[in-house]
Amino acid sequence: MRSTAIARVIGRRVWDSRARPTVEADVVLAGGAQGRAIAPAGASTGSGEAVDLRDGGPEFGGLDVSRAVAGVNDEIAEGLHGLDATDQGAVDAALRDLDGTPDKSRLGGNALIAVSMASAKAAAAAREQPLWACLAGSSGKDLRLPLPEIQLFGGGAHAGHRIDLQDIMVTAIGARDYVEALDWTAEVYAAAGALLDARGQLFGLADEGGYWPAFDSNEAALGAAVESIERAGLTPGQDMALSLDIAASQFGTHGRYRLAADGRSLDSDGLGELLEDWLRRYPIVSIEDPFAEDDPEGFRRFTAAVGQRVQIVGDDFLVTDARRIREAAAKSAANAVLIKPNQAGTLSEAREALDAARESGFAAIVSARSGESEDVTVTHLAVGWQVPQLKVGSFARGERTAKWNEGIRIAEALGGRGELHAIEDLGAVPIR
Ligand SMILES: O=C(O)[C@@H](CO)OP(=O)(O)O
Ligand SMILES: [Mg+2]
C-alpha cells in the first residue's frame with residue numbers, strides 16, 4: 001500500500017438540500033489516495049450536539065460557513081499533516097485537540113465531521129476498498145443491510161409546524177431483503193401521494209421530501225399513513241409498520257407539551273398516555289424522542305410502561321454521546337439510540353456512542369440529517385458498522401435516494417439483494 005500519511009486537507013463551501021452553505025472536505029494522502037465528505041445539518045437539534053461554526057453575518061441568513069472552511073484549510077490542514085489516515089482514532093483525537101472546546105464550537109462540528117469522514121474515505125481508497133468494507137474489516141460477505149425507515153409525512157420544524165409530529169415514517173418489517181423493503185416503500189410513498197391528492201390535502205414536500213400534508217390533527221397523519229400502506233396492497237403491522245419521530249423538544253419543555261395541531265396542552269404523563277393510546281390503535285414499532293430532552297423522567301416512565309414492545313429512541317435526548325447513552329441505560333430511559341455522526345463531531349465518537357449502545361443492550365439506528373447532500377457516508381456506516389436500521393428521510397429527493405441507492409449497490413457487491421438483520425440483532429426490541 002502506498003503512503004497513507006495525510007498530505008493535504010482542502011475545505012470548500014458547498015450547498016445542502018435546504019440551499020444552505022455547508023462544509024466539504026477533501027483529504028489527500030501522500031500516496032495519492034483521496035477521500036471527500038460533506039457535513040450535513042440538522043434543524044431540530046439537541047442542545048447537547050456538536051455545534052456548527054456559522055459566520056452569523058448578513059450572508060445567507062447568518063448561516064455562511066466561510067470561517068469553518070478557512071479553519072479546514074489552515075489550522076486543520078496543518079494539524080493533520082503527516083498523520084496516518086488509517087488510524088482514525090489518532091486523526092479524530094487530533095481534530096478534537098485542535099478544536100479544544102467540549103462542544104466543538106471553535107473550529108465547528110461541521111468542519112470536524114467533514115474532515116473526519118473524508119479521512120476515513122481516503123484510508124479506504126488507499127486500501128482500494130469501499131468505506132463499508134474497510135469499516136467492516138474481516139466480516140466480508142456475511143454483511144447485512146439495514147432496514148430502511150422512510151419518511152412519508154413531514155411535520156414539526158421540517159414543515160412549518162403544520163402538525164406537531166416531525167417524522168411519520170414507514171418501515172418494511174416484513175420485507176425479505178433490502179431491495180424488497182425499498183420496493184414496498186416506493187409503493188407506499190406513491191399511494192400516500194395519490195391519497196392526499198384525492199382528498200385535496202396535498203400541500204408540498206417537507207424538508208426531507210416527505211409529503212407536507214394539510215392535516216388538521218396529528219392523528220389524521222397516522223390514519224393516512226395506515227391507509228397508504230393498505231392502498232399499496234400491504235398489511236399494516238405485518239408487512240409495513242409505522243415509526244414516529246415525535247421530536248418533542250420542539251413543542252415542549254419543563255414537562256409541558258403544546259400540541260398545536262390538536263389544540264391541547266399536556267403534561268408529561270398526559271403525553272405518555274396519548275402515545276400509549278396511539279400504540280394501541282396504530283401499528284407503531286418505534287417512537288423517537290417521545291419526550292423533550294429535558295424530560296428524562298418522561299422517557300423513564302414511558303420505557304417502563306411500553307419499552308418491552310416498542311423501540312424508544314433517543315435522538316435530541318442522547319445526541320450520539322456515549323456518556324449520555326450509558327446514563328440513560330442505567331435509568332432505563334429509552335432502549336434505542338439514533339447515531340448521527342455530526343452530533344458527535346467525529347466518526348470515532350459516533351462509533352464510541354454505538355459501542356456504548358451495544359454494551360447497554362440498546363438498539364441503534366444510523367441517521368442522516370434534515371439538511372443533506374449527495375454524500376452517502378451514512379449508508380456505508382450502517383453496513384460497515386453492521387447497524388440494523390437506517391433513517392434517511394423520504395424516498396423522493398436526490399440527497400435521500402442517493403443514500404438508498406447506494407445500499408442497492410452495496411447489496412449487489414455483497415452478492416445479492418441485501419439480507420436484512422435478524423430480529424434478535426435489532427437489539428432491545430422485537431420490531432420485526
Ligand atoms: O430529528 C431528526 O431525527 C432529524 C432527521 O429527521 O432531523 P434533524 O436533522 O433536523 O435533527
Ligand atoms: Mg429526531
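Start at 1 and go down the list; that is how both ligands and their atoms are numbered. For this chain, numbers begin at 1 and follow the sequence in order. Remember, predicted model here, so these are calculated numbers, not experimental data. Because only heavy atoms are used, hydrogens play no part in the values below, and waters and symmetry mates are left out as well, while side chains stay in.
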Does Lys391 come within less than 4.0 angstrom of ligand 1, counting non-hydrogen atoms of the residue?
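It does; at least one heavy atom falls under 4.0 Å.
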
With a 4.0 Å cut-off on heavy atoms, does Ser44 reach ligand 1?
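Yes, Ser44 has heavy atoms under 4.0 Å from ligand 1.
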
Short N or O distance, [X] and ligand 1, threshold 3.5 Å exclusive:
{"X": "Thr45", "result": "no"}
{"X": "Gly371", "result": "no"}
{"X": "Lys340", "result": "yes"}

May I ask you to check whether Asp289 brings an N, O or S atom to under 2.8 Å from the Mg ion (ligand 2)?
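So Asp289 does not count as coordinating the Mg ion (ligand 2).
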
Between Gly393, Ser249, Ser370, which one has a non-hydrogen atom sitting closest to atom 10 (O) of ligand 1?
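Ranked by closest heavy atom to atom 10 (O) of ligand 1, first place is Ser370.
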
Under a 4.0 Å heavy-atom limit, does [X] contact ligand 1 with its side chain, its backbone, both, or neither?
{"X": "Leu338", "answer": "side chain"}
{"X": "Asp167", "answer": "side chain"}
{"X": "Asp316", "answer": "neither"}

Quick one: angle Asp245 OD2 - the Mg ion (ligand 2) - Glu288 OE2, to the nearest 10°?
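Seen from the Mg ion (ligand 2), OD2 and OE2 are separated by roughly 80°.
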
Side chains of Arg301 and Ser268: donor-acceptor distance under 3.5 Å anywhere?
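Their side chains do contain a donor-acceptor pair, which is all the 3.5 Å distance test asks for.
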
